[in-house]
**Q** 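Below are the structure tokens for one structure; questions will follow.
Model, not experiment: these values are computed from the prediction. Nothing fancy with the numbering, it's 1 onward along the sequence.
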Amino acid sequence: MRVALFVTCLVDLLRPSVGFAAIKLLEAAGCTVHVPATQTCCGQPAYNAGDRAAAIALARKTIAECEDADYLVTPSGYCADQIRNAYRELLADDPVWQNRAERLAGRTHELSDFLATVLRVDALPGDFAGSVTHHDSCSGLRGLAIRDQPRALLARLPRLSLREMPGAEECCGFGGTFSLGFGEISSAIAERKCANARLTGADALVGGHAYGWVYPGPMGAILTPLFGGLEKALDLPQASTLCRQCSAVCPVRIPPPGLLRKLRERQAGAGLRPRGERLALRLWAWQALRPTLYALSTRVGVRYLNWLAGGAEHIAALGVAPGWSVGRDLPAPQGKTFPELHPRRQLASSRSRTLSHDKARKR
């Protein structure tokens, strides 16, 4: 079985070890893992920010790079949700591309879901002697119905015990671009999540909201711009993590995340967002469509973050987009990007297999 691994932007930049751990899990389950060399980003930041043109371009790029594999697997509920659910909507006006998006969507899985429901693994490599508590990813939980799958995998480790936290299914506060524009609110939500995790006394945490002026809650973020005008309520459509928790509990099934995303598209189309924000998104999307340039920029970005860290494990103040680190520390990168490390790991693994084969022949 040939599996294409979509690494994700954050794994590439900050935690390449997650990518290698995913490869180890998939290979241990009998898969042949292929990492598309030109992969960059799934386009979710552009999609959630309302830049539909950039999201469509990145959707087509990702489909073309990954559709030849038997399955596409990613260690991220957010990327899997984007590829499985958003691509079909983005490409609905193009029958050829929508058909390609449909075919890929049916073969795209988040890592824990793939291991538990497709491969149905009985054992996992590795061991953990201790207790953990699990955080459910918003996109994984509400976009992909992933809840029991990671818990089933954790149960495969005999020395691990699971301690459920209060509010395990509540948002962690990240929400992509929401955490940049509303750092203090995002941090407050994250602090509540961390406090709930600490209440369990677990050794480790594992895992995959809005406000208004007149009308409170998520509906305020929708109704106020509609009644008062988008130009008078620029921040409200952005003031949500799009976690979909409100849709899950709404008795009449009003879909606030979709309505908010449409408002964001209208803002982007009318040029109502700040000029710096629009230019940054366009520059990011332009680079993501050019893999060589994207690889170079991520390498520069990792070196810059390592310089900011100064040898520490966390970065206390982020020079670019300071709002994200206003109430939290950013983990320092692991030295190099995933694409820089992956070819070396492949070569070392190939040499190891050759040596093992030679020793076996001599015996």
**Q** Side-chain donor-acceptor pair under 3.5 Å between E340 and T337, yes or no?
**A**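 Result is yes, a qualifying pair exists.
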**Q** Keeping the roles fixed (side chain from T62, backbone from A59), state whether a donor-acceptor pair exists under 3.5 Å.
**A**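 The answer is no, because no donor-acceptor pair under 3.5 Å joins these two groups.
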**Q** With the threshold set at 4.0 Å, does a side-chain nitrogen-carboxylate oxygen contact exist between R261 and E265?
**A**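 No, this pair does not count.
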**Q** Quick check: does any side chain N or O of R290 sit under 3.5 Å from a backbone N or O of W286, one acting as donor and the other as acceptor?
**A**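 Side chain of R290 to backbone of W286: a pair is present.
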**Q** Side-chain contact test, heavy atoms from C-beta onward, threshold under 4.5 Å: evaluate it for W284 versus L289 and give yes or no.
**A**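 W284 vs L289: side chains apart.
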**Q** Indicate if M1 and L115 have the same hydrophobic cluster label, given that clusters are the connected sets of ILVMFWY residues with side-chain heavy-atom separations under 4.5 angstrom.
**A**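 Yes, one cluster joins them.
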**Q** Treating Ile, Leu, Val, Met, Phe, Trp and Tyr as nodes and any side-chain heavy-atom pair under 4.5 angstrom as an edge, say whether I315 and Y304 lie in one connected cluster.
**A**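 Yes; tracing contacts between hydrophobic side chains, which count when under 4.5 Å, links both residues.
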**Q** Under the salt bridge (charged side-chain N to carboxylate O under 4.0 Å, His left out) criterion, do E89 and R52 qualify, and how do the steps go?
**A** CA-CA 11 Å; E89 183 267 323; R52 196 172 182 85; 2.6 Å; yes
**Q** Sequence neighbours excluded, which residues qualify as side chain to side chain donor-acceptor pair (under 3.5 Å) partners of D127?
**A**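 D127: side chain to side chain donor-acceptor pair (under 3.5 Å) contacts with R159.
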**Q** Can you tell me how far apart CD1 (I56) and CG (D94) are? Round to the nearest 0.5 Å.
**A**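 Interatomic distance, I56 CD1 to D94 CG, rounded to 0.5 Å: 9.0 Å.
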**Q** Should R107 and D70 count as an ion pair when the cut-off is N to O under 4.0 Å?
**A**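 Here R107 does not pair with D70 in a salt bridge, since their nearest N and O are not under 4.0 Å apart.
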**Q** In terms of side-chain heavy atoms, does R264 have a donor or acceptor partner in N48 at a distance below 3.5 Å?
**A**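 R264 vs N48: no donor-acceptor pair found between side chains.
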**Q** Given side chains that start at C-beta, do those of K336 and P16 come closer than 4.5 Å, heavy atoms only?
**A**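 No - every pair of side-chain heavy atoms lies 4.5 Å or more apart.
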**Q** Between E169 and R147, does any side-chain N to carboxylate O distance fall below 4.0 Å?
**A**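 Yes, E169 and R147 are salt-bridged.
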**Q** Does any pair with a residue in residues 8-54 pass ring-ring contact (aromatic ring centres under 6.0 Å, His included), and if so which ones, sequence neighbours excluded?
**A**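 Output for this query lists F20-F338.
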**Q** Per the side chain to side chain contact (heavy atoms under 4.5 Å, CB included) rule, which among L119, V118, L5 passes with C31?
**A**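 Per the side chain to side chain contact (heavy atoms under 4.5 Å, CB included) rule, the option paired with C31 is L119, out of L119, V118, L5.
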**Q** With a cut-off of 6.0 Å (strictly less than), are more than 12 heavy atoms of other residues, nucleotides or ligands near OH of Y71?
**A**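 No - once you tally the heavy atoms of other residues, nucleotides and ligands closer than 6.0 Å, there are 12 at most.
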**Q** Considering only NZ, NE, NH1 and NH2 on the basic side and carboxylate oxygens on the acidic side, decide whether E110 and R84 come within less than 4.0 Å.
**A**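 So E110 does not pair with R84 through a salt bridge.
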**Q** With sequence neighbours left out, which residue pairs that include part of residues 145-171 fulfil the ring-ring contact (aromatic ring centres under 6.0 Å, His included) condition?
**A**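 Sorted pair list comes back empty.
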**Q** Thinking salt bridges, do E67 and R100 make one under a 4.0 Å N-O criterion?
**A**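 The answer is yes: the pair qualifies as a salt bridge.
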**Q** Do R278 side-chain atoms and R273 backbone N/O form a donor-acceptor pair below 3.5 Å?
**A**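 Pair found, side chain donor or acceptor close to backbone of R273.
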**Q** Please determine, by modelled atom types, if T38 and E65 share a side-chain donor-acceptor pair under 3.5 angstrom.
**A**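 Looking only at side-chain atoms, E65 and T38 do form a donor-acceptor pair, the distance falling under 3.5 Å.
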